[in-house]
Asks: 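Here it is, the structure in full.
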2 protein chains.
Amino acid sequence: MGTTQLESVQEPKYWHLKTVLSEALDSDFAVGEILPNERDLAARFGVARATLRQALEQLELEGRLQRRRGVGTTVAPPRVGVAVSTDQREWADGVGGEAWQPLDSTMAKAPAPVAEMLGTDPAEPVHVVRRIRDTQGQAVAAELLYVPASSIPDLSAIEAPSGPVRARSVLRELRRLGLQGQDRSVELGSARADDAKELDRLPGAPVLVVTTRYFTVDGTAAVSVATYRADTCRLTFGDSGALEISHDEQPERQAS
Amino acid sequence: MGTTQLESVQEPKYWHLKTVLSEALDSDFAVGEILPNERDLAARFGVARATLRQALEQLELEGRLQRRRGVGTTVAPPRVGVAVSTDQREWADGVGGEAWQPLDSTMAKAPAPVAEMLGTDPAEPVHVVRRIRDTQGQAVAAELLYVPASSIPDLSAIEAPSGPVRARSVLRELRRLGLQGQDRSVELGSARADDAKELDRLPGAPVLVVTTRYFTVDGTAAVSVATYRADTCRLTFGDSGALEISHDEQPERQAS
DNA sequence: CAGTGGTCTAGACCACGCT
DNA sequence: GCGTGGTCTAGACCACTGC
């Protein structure tokens with residue numbers, strides 16, 4: 001024994017720091033409690049502030065900490081589970097405190113990848129509905145919903161030139177289409193400036209981008225791009241419950 | 001006129017840099033092409049290397065770049081869509097190149113949160129199956145599957161003391177239970193050292209953590225914690241109806 | 001071995017929230 | 001105005017890859 005090869009791989013300081021801090025958070029701090037400031041913490045651990053910050057950044061990414069310029073660093077509550085609905089009845093008016101809140105609706109050109117999903121000409125304007133999702137008084141997601149004009153044939157149904165009223169009328173027309181299904185993907189992104197503002201984060205903050213395609217029998221009726229705060233959200237999918245018809249034969253295939 | 005308030009909000013250098021680089025990637029570089037090294041790039045843009053790195057980190061987070069120590073920085077291909085299966089037949093042997101590959105199975109204590117989901121005593125060992133998921137020759141996910149001993153009553157079915165053979169036998173027994181449904185959540189995390197190694201990333205790399213709970217009529221039969229490379233993966237959920245039409249996908253452009 | 005990205009330092013100044 | 005986190009600099013050394 002003696003000089004067994006312990007610590008053959010020396011882990012980086014910030015990684016070790018993160019571990020130490022993480023354990024301290026578990027044992028010595030309560031949710032919402034504020035930590036000492038970065039300069040003090042760095043001095044206490046005998047590292048440069050940049051190194052300390054690297055550890056804090058990781059902990060914030062994992063949802064353990066919350067940092068705010070001009071205020072300080074606090075211990076974050078556990079991530080909230082946010083349901084990403086599987087059924088298509090999600091366009092109801094968000095009167096309850098837990099739902100989407102329509103902000104505005106305009107006509108604008110969709111970004112190229114969205115236009116492609118919609119199957120529309122990228123140069124042709126579509127309805128763009130902006131919504132915010134609140135959970136427990138906190139904004140957790142910002143969404144842009146793209147709806148081709150062709151999905152809403154009845155122009156007279158659009159009630160206002162702008163604002164929440166117009167947004168609500170677009171959503172109402174959408175609800176009448178009779179959706180056949182949806183298609184969803186989740187990926188990591190960084191918040192655009194406008195989304196960051198709505199989410200009370202700095203531009204570039206990590207977000208989970210949920211892209212949903214809504215189908216009718218005629219094709220794609222709308223595309224939604226929702227950005228969720230990655231630091232505070234855990235997206236939940238309710239696939240459980242009644243699992244189709246399990247007594248009959250299941251389709252033998254595996255989508256790629 | 002004259003001094004109109006242009007640039008009232010000066011964006012950070014790294015943010016502007018990121019935008020410039022992003023546009024350059026679109027127009028002047030092909031997928032797989034290697035960029036100049038960080039010191040040269042920093043000099044070219046007249047910034048410190050740390051600042052340049054901040055921009056590169058963001059672009060890597062968004063899946064635009066791929067950096068490898070000792071090698072260089074390359075232009076990343078568009079993110080691969082990885083299907084997170086909705087049906088429960090996902091424990092089939094991964095003979096195809098696109099599936100899970102069982103590595104090993106041991107008995108160990110489950111982490112506290114997992115034990116809670118399983119409804120077992122945290123001190124009681126459970127089966128822990130380790131699997132890797134490959135897509136197009138690249139490891140995209142590493143998984144730990146926790147199975148309470150009570151879910152596998154027939155001990156004689158476990159064929160080997162360790163290794164892939166044992167893992168496969170645990171999975172086989174699991175398949176015979178008749179699942180009733182599942183429950184899934186997705187959140188952002190950072191790769192543990194062991195996962196990072198499997199995924200060919202550095203520890204702390206951003207990952208999408210997919211936690212799945214598998215139900216039988218008796219309760220929770222197993223819990224899976226899968227970590228997907230956030231830089232290269234786009235998780236897809238097939239909630240849609242029938243149409244799985246594969247009009248070949250084009251690169252997704254992300255927020256900037 | 002040379003060249004790459006990864007880590008670390010010790011400063012400085014800035015933008016923001018409070019009081 | 002003061003204290004906070006956010007940005008930025010100009011260095012240094014380390015760990016890894018490939019020749």
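Labels below follow one simple rule: chain letters A, B, ... track the order of the sequence lines, proteins then strands, and each chain is numbered from 1.
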Asks: Using a 4.5 Å cut-off on heavy atoms from C-beta on, say whether the side chain of A:Q58 contacts that of A:W15.
Replies: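 Answer yes - side chains close enough.
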
Asks: Hey, does the side chain of A:R184 reach the backbone of B:L235 with a donor-acceptor pair shorter than 3.5 angstrom?
Replies: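 Side chain of A:R184 to backbone of B:L235, a donor-acceptor pair under 3.5 Å: no, none is there.
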
Asks: Got a sec, which pairs hit side-chain hydrogen bond (donor to acceptor under 3.5 Å, both in side chains) with one end in residues 20-31 of chain A, sequence neighbours left out?
Replies: A:S22-A:R64, A:D26-A:R64

Asks: Could you provide the dot-bracket string of DNA chain C, using ( ) for intrastrand pairs, [ ] for crossing pairs and | for bases paired to another strand, with Watson-Crick or G-U pairs below 3.5 Å?
Replies: ||||||||||||||||||.

Asks: Please enumerate all residues that pass side-chain hydrogen bond (donor to acceptor under 3.5 Å, both in side chains) together with B:R67, with sequence neighbours excluded.
Replies: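 Residues passing side-chain hydrogen bond (donor to acceptor under 3.5 Å, both in side chains) with B:R67: B:E38, B:E60.
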
Asks: Among all residues two or more places apart in sequence or in another chain, which pass the side-chain contact (heavy atoms from CB on, under 4.5 Å) test with B:D231?
Replies: B:R201, B:R229

Asks: With a strict under 4.0 Å distance from non-hydrogen atoms of chain A, what nucleotide opens and what nucleotide closes the contacted stretch of DNA chain C, reading 5' to 3'?
Replies: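 On DNA chain C, the outermost contacted nucleotides are C:dT7 to C:dG17.
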
Asks: Would you say the side-chain atoms of A:D104 pair up with the backbone N or O of A:G163, donor to acceptor, closer than 3.5 Å?
Replies: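 Checked: pair present.
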
Asks: For DNA chain D, which residues in residues 37-56 of chain A have a heavy atom at a distance below 4.0 Å?
Replies: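 Heavy-atom cutoff 4.0 Å gives A:N37, A:E38, A:R39, A:R49, A:R53.
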
Asks: Please check if the side chain of A:T236 supplies one atom and the backbone of A:V82 the other of a donor-acceptor pair under 3.5 Å.
Replies: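 Answer holds: yes.
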
Asks: The criterion is side-chain hydrogen bond (donor to acceptor under 3.5 Å, both in side chains); which residues satisfy it with B:D200, sequence neighbours excluded?
Replies: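 B:D200 satisfies side-chain hydrogen bond (donor to acceptor under 3.5 Å, both in side chains) with no residue once adjacent residues are dropped.
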
Asks: B:Y228: what forms a side-chain hydrogen bond (donor to acceptor under 3.5 Å, both in side chains) with it, not counting sequence neighbours?
Replies: B:R133

Asks: Please list, by residue number, the residues of residues 196-209 of chain B whose heavy atoms come closer than 4.0 Å to an atom of DNA chain D; answer none if no residue qualifies.
Replies: none

Asks: Tabulate below the donor-acceptor pairs under 3.5 Å that side-chain atoms of residues 105-113 of chain B make, not counting sequence neighbours, or state none.
Replies:
none

Asks: Sequence neighbours left out, what passes side-chain contact (heavy atoms from CB on, under 4.5 Å) with B:V71? Give chain and number order.
Replies: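 With neighbours one apart ignored, the set is B:R68.
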
Asks: Identify, with sequence neighbours excluded, every residue that meets side-chain contact (heavy atoms from CB on, under 4.5 Å) alongside B:L61.
Replies: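 Only A:L188, B:P206 meet the side-chain contact (heavy atoms from CB on, under 4.5 Å) criterion with B:L61.
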
